[in-house]
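Right, one structure below, let's go through it.
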Amino acid sequence: MRFFKDKKSMSDKRNTTDGNISPNLQVNLFNLKQTFTLTPNLTFRELKIHEGKIDGTLVYLRDLADLKQIEEQIISPLYSKEGQQPSHTTIADYQKTSYLQEVVNGLLNGDTVLLLSEHNEAYIYKTAGGPSRSIEDAIFETTLKGSHLGFSEQIGQNIALLQQFVPSPKLKIAEIKLKGELNKSVSLVYIDGVAKEEEIAELTRRITGIQGDHLINLGQLAEYIEDNHFSPFPQFRISERPDQATIDLFKGKICVLLDRSPSVLIAPGSIMSFFQSVDDYTTRWMLASFVRILRFVAVLISIFLPAIYISIVSFNYEIIPIRLLITIGESRAEIPFDPLVEALLMEITLEMLREAGIRLPAPVGQTVGIVGGIVIGQAAVEAGIVSNFMVIIVSLTAISSFIIPNYDMSLGVRLMRFPMMIIASLFGVVGIAVGFMTLLGHIVKLESIGTPYGTLLNPLQSSDFKDSLIRFPIWKIGKSKQASAKDHERLL
């Protein structure tokens with residue numbers, strides 16, 4: 001008879017699939033073991049509380065939870081004379097639930113779950129630990145005078161950094177649950193009264209419909225919510241600097257944070273924002289304005305200089321001074337390729353060297369980038385494959401692309417160089433003019449969550465112009481663009 005009773009008991013456990021916590025402790029443990037099969041770090045610790053009258057089990061994933069916190073703030077208080085109740089732990093952040101799925105989600109987040117016999121509720125204690133790294137300086141967005149803090153992979157730390165930079169109750173944090181089984185979520189951070197309500201609503205609407213199980217970084221999220229999927233230009237700025245995110249928050253932008261992503265997505269995007277840096281606000285306004293103009297000149301050089309060289313050499317050589325034309329002709333006398341093939345060979349080689357420098361370890365990558373460029377360029381000239389002028393053109397183009405402070409925008413600019421070279425080889429200066437007007441029209445037409453992307457090119461308000469191509473003094477910039485002393489008084 002005992003055998004049949006045990007068999008019936010196990011059958012009851014297997015039939016418990018309603019998703020609720022059972023009063024039977026063994027049923028709950030069995031369900032968790034069935035859910036976390038082949039999970040060797042799933043840990044069960046048996047307890048007896050309330051003077052040994054109630055059986056309990058602590059469940060946690062050993063490598064995701066803080067073991068010291070579990071021992072000192074949960075187990076020790078529960079075994080003490082005063083702490084014979086689940087609520088008598090020293091962890092203030094806990095919750096009760098009657099659903100098995102919430103227990104599973106808590107375990108995956110590093111929480112510790114207390115299950116008790118004859119109780120149809122579980123206690124979930126916030127004990128997240130696991131692999132993490134300390135807050136470090138930003139890698140890709142370097143600065144001379146700005147903060148040396150960068151976002152990390154923990155969303156709680158990233159939100160805390162923003163709250164330190166904006167210590168105000170008007171800094172709002174809205175959590176949006178994504179669709180899917182993994183119960184992922186993103187957080188929208190904005191300043192109430194500064195960010196536009198319609199932009200918040202539109203961004204929330206777009207994020208809500210995303211299937212979030214496979215999202216691991218903000219680049220994937222940006223592809224889901226961008227307006228134009230075929231534009232070469234990024235429509236959202238992704239930053240790893242909390243001070244840069246704070247500047248954008250005071251401009252009325254919205255920061256989107258995803259757990260385990262060491263950066264924030266800033267929306268809406270505008271073409272001007274990709275050419276601005278934190279250092280623009282740590283130097284005098286005249287120097288900052290000069291550097292911004294220099295960046296725009298560098299973008300034009302990076303996109304159009306190879307195309308202009310091709311068009312002049314192939315079609316419009318009459319506009320070149322005669323002495324310079326003779327020099328170019330002598331350098332190209334032994335070159336077997338036309339200017340387009342010559343430029344494509346050098347540009348593709350440059351892009352390969354640049355990618356090799358990024359993927360290799362830092363000391364080796366720098367060596368490959370510098371030595372490889374010098375050796376290949378010199379060897380190509382001596383072999384008669386490219387001319388000296390083409391090496392100079394490609395070098396100027398590469399230097400100009402490095403000036404762009406945003407990596408995503410730099411990639412878009414580098415990509416636009418190739419169709420411009422092809423158009424220039426077919427139609428000359430006229431082709432370049434048509435390509436420039438097409439590019440200009442695309443930027444003017446482009447939007448970011450319904451907001452005009454080309455703010456420098458669209459009709460402007462005076463407050464928009466004061467922090468665009470030219471940065472006016474801080475005290476001249478409007479409240480919507482920069483935090484003045486009056487802004488801080490209102491926020492606090």
Side-chain angles (χ1 to χ4, degrees), residues 12-47 49 54-67 69-70 73-75 77-78 85-132 154-156 159 173-188 207-216 257-260:
D12 291 341
K13 295 175 185 178
R14 292 189 180 93
N15 291 333
T16 307
T17 57
D18 57 358
N20 294 327
I21 301 296
S22 171
N24 190 325
L25 177 60
Q26 298 303 318
V27 170
N28 295 327
L29 297 180
F30 177 81
N31 289 334
L32 288 178
K33 290 177 181 178
Q34 289 294 102
T35 303
F36 289 95
T37 56
L38 299 178
T39 308
N41 60 343
L42 182 65
T43 304
F44 299 89
R45 294 191 62 172
E46 296 182 357
L47 301 174
I49 64 175
I54 300 178
D55 294 330
T57 301
L58 278 180
V59 188
Y60 53 88
L61 290 172
R62 186 172 55 252
D63 299 318
L64 292 180
D66 188 339
L67 301 182
Q69 188 180 16
I70 294 173
Q73 300 185 22
I74 299 179
I75 296 178
L78 286 176
Q85 296 293 333
S87 59
H88 290 172
T89 61
T90 57
I91 296 181
D93 191 3
Y94 77 94
Q95 69 179 65
K96 293 190 293 183
T97 181
S98 300
Y99 300 101
L100 183 63
Q101 186 59 47
E102 292 187 5
V103 170
V104 172
N105 294 337
L107 291 172
L108 292 172
N109 290 328
D111 299 337
T112 299
V113 176
L114 175 60
L115 297 168
L116 301 174
S117 61
E118 301 180 0
H119 285 68
N120 60 354
E121 289 183 329
Y123 294 82
I124 303 177
Y125 302 97
K126 300 298 181 181
T127 58
S132 62
Q154 295 182 335
I155 190 171
I159 292 176
I173 303 159
E175 186 176 357
I176 302 175
K177 296 292 184 181
L178 302 178
K179 295 181 179 179
E181 298 180 358
L182 299 185
N183 198 36
K184 288 189 175 181
S185 63
V186 300
S187 296
L188 301 187
I207 294 176
T208 303
I210 295 176
Q211 183 74 22
D213 285 350
H214 59 281
L215 285 182
I216 59 174
L257 288 80
L258 177 67
D259 198 15
R260 298 169 186 85

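Side-chain atoms are counted along with the backbone in the values below, which use heavy atoms only and exclude waters and symmetry mates.
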*Applying side chain to side chain contact (heavy atoms under 4.5 Å, CB included), run through Val113 and Leu32 and close with a yes or a no.*
CA-CA 11 Å; Val113 176; Leu32 288 178; 5.7 Å; no
*asked:* Other residues, nucleotides and ligands only: do more than 12 of their heavy atoms fall within 6.0 Å of CZ on Phe44?
replied: yes
For the residue pair [X] and [Y], what are the closest heavy atoms and their distance?
X: Pro131; Y: Leu64; answer: CD-CD2, 4.5 Å
X: Ser187; Y: Ile173; answer: CB-CG2, 4.2 Å
X: Ser117; Y: Ile54; answer: OG-CG2, 4.1 Å
X: Ile21; Y: Val103; answer: CD1-CG2, 3.9 Å
X: Ile155; Y: Leu257; answer: CD1-O, 3.8 Å

Under the side-chain contact (heavy atoms from CB on, under 4.5 Å) test, which residues partner [X], sequence neighbours left out?
X: Thr39; answer: Phe36, Asn41, Leu42, Leu61
X: Thr43; answer: Arg45, Tyr60, Arg62
X: Gln101; answer: Val104, Asn105

Hey, are the side chains of [X] and [Y] touching, using non-hydrogen atoms and a 4.5 Å cut-off?
X: Leu108; Y: Asn183; result: no
X: Tyr99; Y: Asn20; result: yes
X: Arg260; Y: Leu258; result: no

Can you sort out the partners of [X] under side-chain hydrogen bond (donor to acceptor under 3.5 Å, both in side chains), two or more places apart, ordered by chain and number?
X: Thr97; answer: Glu102
X: Gln154; answer: Gln157
X: Glu121; answer: none
X: Lys126; answer: Asp111

*For Val27, does its backbone N or O pair with a side-chain atom of Ser22 as donor and acceptor, under 3.5 Å?*
no
*Does the Thr127 side chain pair with the main chain of Leu67, one donor and one acceptor, at a distance under 3.5 Å?*
no
Once rounded to the nearest 0.5 Å, what's the spacing between atom [atom1] of [X] and atom [atom2] of [Y]?
X: Ile176; Y: Leu188; atom1: CD1; atom2: CG; value: 3.5 Å
X: Leu178; Y: Ser185; atom1: CG; atom2: OG; value: 6.5 Å
X: Ile49; Y: Ile75; atom1: CD1; atom2: CD1; value: 12.0 Å
X: Lys179; Y: Thr208; atom1: NZ; atom2: OG1; value: 8.5 Å
X: Asp259; Y: Ile216; atom1: CG; atom2: CD1; value: 13.0 Å
X: Leu58; Y: Tyr125; atom1: CG; atom2: OH; value: 7.5 Å

_Enumerate the salt bridge (charged side-chain N to carboxylate O under 4.0 Å, His left out) contacts for residues 23-33, please, sequence neighbours excluded, ordered by first and then second residue._
none
*Knowing that exactly one of Ile210, Leu182, Val186 qualifies, which makes a side-chain contact (heavy atoms from CB on, under 4.5 Å) with Leu215?*
Ile210
*Taking Val59 as the fixed residue, which of Leu107, Asn28, Leu114 is the one that meets the side-chain contact (heavy atoms from CB on, under 4.5 Å) rule?*
Leu107
*Hey, mind stepping through Ile70 and Asp66 against side chain to side chain contact (heavy atoms under 4.5 Å, CB included) and telling me if it holds?*
CA-CA 6 Å; Ile70 294 173; Asp66 188 339; 5.8 Å; no
_Counterpart residues, salt bridge (charged side-chain N to carboxylate O under 4.0 Å, His left out), relative to Lys177 (two or more places apart)_ = Glu175
*Under the salt bridge (charged side-chain N to carboxylate O under 4.0 Å, His left out) test, which residues partner Asp55, sequence neighbours left out?*
Lys48
